[in-house]
There are 2 protein chains.
Amino acid sequence: MKDRIRIKDIAIVAGVSPGTVDRVLHKRGNVSKKSEEKVLKALESLDYSPNVLASVLAYNKEWKIAALIPNEYKDSFWNQPKDGILKALQVVKDYGVTVDFFHFMENNEEEFVRQSEAILEKTYNCVIVSPIFTEQSISFLKKCDQKDIHYVLINTYLDLEDSNLICYIGQDSYHSGTLGAKLLAFGLSAGESAMICHVEELVYNSQHLIDKERGFKDYFKEHHDLGINVITGHFENPYDTVGMYNFFKKHLTKCPNIKGIFISTSRAFHVVNALKKLGISDLKLVGYDLIDENLTYLESEEIDFLINQNPFKQGYLAVINIFNFLIRKIEPNKLQHLPLDVVMKENANYYTDRQFEEMPIVM
Amino acid sequence: MKDRIRIKDIAIVAGVSPGTVDRVLHKRGNVSKKSEEKVLKALESLDYSPNVLASVLAYNKEWKIAALIPNEYKDSFWNQPKDGILKALQVVKDYGVTVDFFHFMENNEEEFVRQSEAILEKTYNCVIVSPIFTEQSISFLKKCDQKDIHYVLINTYLDLEDSNLICYIGQDSYHSGTLGAKLLAFGLSAGESAMICHVEELVYNSQHLIDKERGFKDYFKEHHDLGINVITGHFENPYDTVGMYNFFKKHLTKCPNIKGIFISTSRAFHVVNALKKLGISDLKLVGYDLIDENLTYLESEEIDFLINQNPFKQGYLAVINIFNFLIRKIEPNKLQHLPLDVVMKENANYYTDRQFEEMPIVM
DNA sequence: TAAATAAATGTGTTCGCACACAGTTTTTTG
DNA sequence: CAAAAAACTGTGTGCGAACACATTTATTTA
């Protein structure tokens, strides 16, 4: 603080006024070549970095963010990105950042469009989008490009070139499949079979599921010496308990050497329920997401591993990256894959507690 | 930003001057009961939160931190807390925070004392200490208490009551032992044995090792139905390759059903080297710490799991917690156990890359 | 060459808060 | 009850940067 270089110091060294230094720093023009040179030379010798606090205070403008993400009904998944956004906001609100939420139902395209239009009617600097509906999202984001609104995508990836995309923040589905395969493989013996099972309505995130399956199968292809056979299963309606019971009964009768199941969605707890009714308890299970029902079965060791996709961090980092981009003028990594945490009974508390997510900002 | 309450606004509502509001907020005294009441009433109705940026800017003081941590010689472990400290510093430097480092060798008590005295001679607001030498550390920290210097402990826990301790940041050794046990257990079958092996000079962190061993053994006690036997091993000098070869030869000959080894230190790679010489490759290995040698064997799948103790985060969070404590006036959790990340070949990159550790501050 | 215009530069105000100091009111003392 | 002391309150300045505006200097035009 004491010996930190200020604009005033540069001005003295360069032999000009602070106003001129400011003009050079911000490329505002109206500076003679001679003065500019003097300032640049002074800058070189002084290693100046602006005081962001003073800068933000003087700038005195709002940075408005709109968040277009699904409603948090049904399970707790979408609560978490929202919580992450709100937590990050606590950190950056002094910098003039504000967030407005625009929610839509995960199966309602019209609502998505309606909300996205509502965003465009107002004036936002940035949006955080979960682009669940591909077409509608692309259309919306193109309009953002035109209006010079930058955006961060979370959870669902969209391939956008030469756009106002700040970054994508989400999971690497393929490698999470590989990871799940490795975990199961570690617990299985030669001759046993591993099943990958999609339990989902398959409304929107099918690309995720395809990638996970590919990752899972590639692992066993590369490790065929393990002697583990892979079986694929699909079950569309997680709420049809009877149907699911029959589904697993059929598969496990047909292949009694299935000793592990990888559930590619957050529905592992439904699988546990079905297996319990079947009286089966010796299967190794790997699933996704730290939602309450899964955590209960993780605690009782009926689920062995859950892969955490860090939904809280998705929201948190979305805000932080916008902050860095807008205020700190730092270009972030376009593609930010969150850690694939391996969660077990013994370390679950670290990932459910938020103590370490509640932290300071800036790269 | 726009509609945010300022001191001036409170003053208007309360019908007093900003100066009086300031005196009430900071409990500076010299305020009549009548004025104080008016201000407090206004505060209740207005939900004011101070603009930390403006506050820090106006306060215009340095927050000086001294970091007393081991030198980074020999392996890369102590580089990481240091990197974490430096990264956090980038974030908080605008708030007037500075850090000076005081290094010592891990086996040199005199140097520790010398450096701690050097710290006391200057005027620091806070210290970050890795209290490797118990006695000397306690003596130093008591002097800090007297001089009203607050401190954060990292990596090694010390039981200190009623002191200027801000918080302890480090690992939960016991549960990391349990975690390691669970991982091995998942890969072993009934009738096989699991070995816990300490490979270390045992100079300082023996409490860690004791706790890890306890956690490891407790797991198998609680899960005796798994039918896995536990064997304990010690080897003091990791650099004695021949000795280590003989050590494992002896143990594995005596107990050929040992199918998994849990190495309680960061020396797993030495064990791999010994086993390679013995021509053994079917053992499941779980170790600690993402140091280069371990990561190489994780990549080649000769080590199955590494438990990450987040040394980078230890340093990072130490600074952040001091920041929150001194500047944001937030009392942190006294005991902060970092996540015990399960690291495998398939997700190692997420924990070695620093992209997500380089982030914003504040609770 | 003077006047008009353009370019360059310096000064002053603002952001919200902290703190010093001056100014005002109340209380105490002789 | 006046003077002195204490208690209280308001105003002003500075933190570092951003930007508006006033002022100075250089260039163009008549």
Side-chain angles (χ1 to χ4, degrees), chain A residues 1-40 42-43 46-63 92-97 326-329, chain B residues 1-40 42-43 46-63 92-97 326-329:
Chain A
M1 211 69 171
K2 235 184 321 192
D3 43 5
R4 212 170 139 185
I5 307 298
R6 301 158 301 172
I7 284 186
K8 210 198 254 183
D9 302 315
I10 302 168
I12 292 168
V13 171
V16 297
S17 74
T20 302
V21 176
D22 176 76
R23 276 182 283 268
V24 173
L25 286 173
H26 293 87
K27 303 194 173 86
R28 282 196 233 283
N30 290 325
V31 178
S32 68
K33 280 197 190 68
K34 216 161 109 189
S35 297
E36 187 177 7
E37 239 169 64
K38 287 196 283 183
V39 171
L40 290 176
L43 275 173
L46 285 179
D47 135 85
Y48 165 76
S49 74
N51 184 322
V52 178
L53 271 58
S55 169
V56 168
L57 193 65
Y59 191 63
N60 195 33
K61 282 230 180 76
E62 254 189 307
W63 302 105
V92 298
K93 65 173 189 217
D94 285 332
Y95 293 83
V97 177
L326 289 181
I327 297 171
R328 295 231 141 198
K329 317 286 179 201
Chain B
M1 212 67 174
K2 235 183 320 196
D3 42 7
R4 215 172 136 184
I5 306 296
R6 299 156 303 171
I7 284 185
K8 208 197 255 181
D9 302 314
I10 302 169
I12 292 168
V13 172
V16 297
S17 76
T20 301
V21 176
D22 176 76
R23 276 182 283 268
V24 173
L25 285 173
H26 292 86
K27 304 194 173 82
R28 280 196 233 283
N30 291 325
V31 178
S32 67
K33 279 193 190 70
K34 215 161 110 189
S35 296
E36 188 177 7
E37 238 169 65
K38 287 195 283 182
V39 171
L40 291 176
L43 275 172
L46 285 178
D47 133 86
Y48 166 76
S49 75
N51 184 323
V52 179
L53 270 60
S55 169
V56 168
L57 193 64
Y59 191 62
N60 196 31
K61 284 231 178 74
E62 253 189 308
W63 303 105
V92 297
K93 65 170 189 221
D94 285 331
Y95 293 83
V97 177
L326 289 181
I327 297 171
R328 294 230 141 200
K329 317 288 180 200

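Each chain gets a letter, A, B and so on, in the order the sequences are listed, and its residues count up from 1.
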J.: Rounding to an integer number of Å, can you tell me how far B:Lys8 NZ sits from D:dG12 C1'?
T.: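 It is 13 Å, rounded to the nearest whole Å.
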
J.: Partners of A:Arg6 by salt bridge (Lys or Arg N to Asp or Glu O under 4.0 Å), sequence neighbours excluded?
T.: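 Salt bridge (Lys or Arg N to Asp or Glu O under 4.0 Å) check on A:Arg6 returns A:Asp9.
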
J.: Look at the side-chain N and O atoms of A:Ser17 and state whether any lies under 4.0 Å from the OP1 or OP2 oxygen of C:dT11.
T.: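 Answer is no, no contact under 4.0 Å.
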
J.: Which residues satisfy the side-chain contact (heavy atoms from CB on, under 4.5 Å) test with B:Leu40, sequence neighbours excluded?
T.: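 Only B:Val24, B:Glu36, B:Leu43 meet the side-chain contact (heavy atoms from CB on, under 4.5 Å) criterion with B:Leu40.
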
J.: Tell me, please, which residues at least two apart from B:Ser55 pass side-chain contact (heavy atoms from CB on, under 4.5 Å).
T.: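 B:Ser55 satisfies side-chain contact (heavy atoms from CB on, under 4.5 Å) with no other residue.
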
J.: Could you tell me the separation between the NZ atom of A:Lys38 and the C1' atom of C:dA8, rounded to a whole number of Å?
T.: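 My rounded result for the distance is 12 Å.
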
J.: Report yes if the side chains of A:Val92 and A:Trp63 come closer than 4.5 Å at any heavy-atom pair, otherwise no.
T.: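 A:Val92 vs A:Trp63: side chains apart.
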
J.: Side-chain N or O of B:Tyr48 versus OP1/OP2 of C:dC17: is the shortest distance under 4.0 Å?
T.: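 Yes, such a contact exists.
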
J.: Rounded to the nearest Å, what distance is computed from the CG atom of residue A:Asn60 to the C1' atom of nucleotide C:dC15?
T.: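 A:Asn60 atom CG is separated from C:dC15 atom C1' by 5 Å.
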
J.: In whole angstroms, how far is the C1' atom of C:dC15 from the CG atom of B:Leu53?
T.: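 Taking atom C1' of C:dC15 as the reference, CG of B:Leu53 is at 10 Å.
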
J.: Rounded off to whole Å, could you give me the CD1-to-C1' distance for the B:Ile327 and C:dA18 pair?
T.: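 Between C1' of C:dA18 and CD1 of B:Ile327: 15 Å.
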
J.: Considering just the side-chain nitrogens and oxygens of A:Ser32, establish if one lies under 4.0 Å of OP1 or OP2 belonging to C:dT9.
T.: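 Looking at the OP1 and OP2 atoms of C:dT9, one of them is under 4.0 Å from a side-chain N or O of A:Ser32.
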
J.: Which heavy atom of A:Arg4 sits nearest a heavy atom of B:Lys93, and at what distance?
T.: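 Looking at all heavy atoms of both residues, the closest pair is NH1-O, 3.6 Å.
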
J.: Rounding to a whole Å, what distance do you find between B:Asp9:CG and C:dC17:C1'?
T.: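 Value for this atom pair: 13 Å.
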
J.: If you only use heavy atoms from C-beta on, which nucleotide in C:dG10, C:dC15, D:dC15 is closest to the side chain of B:Ala58?
T.: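 Given the options C:dG10, C:dC15, D:dC15, the side chain of B:Ala58 is closest to D:dC15.
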
J.: The side chain of A:Ser55 is closest to which nucleotide in this list: C:dT9, C:dC17, D:dA18?
T.: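 Nearest to the side-chain atoms of A:Ser55, counting from C-beta on, is D:dA18.
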
J.: Quick one: side-chain contact (heavy atoms from CB on, under 4.5 Å) partners of B:Val52, sequence neighbours excluded?
T.: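 Residues passing side-chain contact (heavy atoms from CB on, under 4.5 Å) with B:Val52: A:Asp94, B:Val56, B:Tyr95, B:Ile327, B:Arg328.
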
J.: Within this structure, what is the CG-to-P distance between B:Asn51 and D:dA17, rounded to whole angstrom?
T.: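 Atom CG in B:Asn51 sits about 16 Å away from atom P in D:dA17.
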
J.: Do B:Leu25 and B:Val21 pass the side chain to side chain contact (heavy atoms under 4.5 Å, CB included) test, and can you show the C-alpha distance, the side-chain angles, and the key distance before you say yes or no?
T.: CA-CA 6 Å; B:Leu25 285 173; B:Val21 176; 3.9 Å; yes

J.: Show every salt bridge (Lys or Arg N to Asp or Glu O under 4.0 Å) that has at least one partner inside residues 50-60 of chain A, sequence neighbours left out.
T.: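 Passing the test, one end in residues 50-60 of chain A: no pairs.
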
J.: In degrees, rounded to 10°, what is the bend between the two ends of the helix from C:dT1-D:dA30 to C:dG30-D:dC1, using five pairs at each?
T.: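 Angle reported: 60°, given to the nearest ten degrees.
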
J.: Starting from the 5' end of DNA chain D, give me the residue, B:Val16 or B:Ala54, whose nearest nucleotide shows up first.
T.: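 Between the two, 5'-proximity favours B:Val16.
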
J.: For nucleotides 5-7 of chain C, which of its nitrogen or oxygen atoms have a protein nitrogen or oxygen under 3.5 Å away, and what is each distance?
T.:
none

J.: Could you give the CZ-to-C1' distance, from A:Arg4 to D:dA17, as a whole number of Å?
T.: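 So the CZ-C1' distance, A:Arg4 to D:dA17, works out to 12 Å.
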
J.: I'd like to check the side-chain contact (heavy atoms from CB on, under 4.5 Å) partners of B:Pro18; sequence neighbours left out, ordered by chain and number.
T.: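 Checked B:Pro18 against side-chain contact (heavy atoms from CB on, under 4.5 Å); matches are B:Ile7, B:Ala11.
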
J.: Only pairs at least two apart or in different chains count here, so list each salt bridge (Lys or Arg N to Asp or Glu O under 4.0 Å) that has a residue in residues 26-35 of chain B.
T.: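 Passing the test, one end in residues 26-35 of chain B: B:Asp22-B:Arg28.
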
J.: Sorted by first residue and then second, give each salt bridge (Lys or Arg N to Asp or Glu O under 4.0 Å) pair with at least one member in residues 47-60 of chain B; sequence neighbours left out.
T.: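 Found none.
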
J.: Taking only heavy atoms on the protein side, list every residue of residues 20-28 of chain A lying under 4.0 Å from any atom of DNA chain D, sorted numerically.
T.: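 Hits under 4.0 Å, by residue number: A:Asp22, A:His26, A:Arg28.
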
J.: Could you measure the distance from the CD1 atom of B:Ile10 to the OG1 atom of B:Thr20? Nearest 0.5 Å is fine.
T.: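 With rounding to 0.5 Å, CD1 (B:Ile10) is 12.0 Å from OG1 (B:Thr20).
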
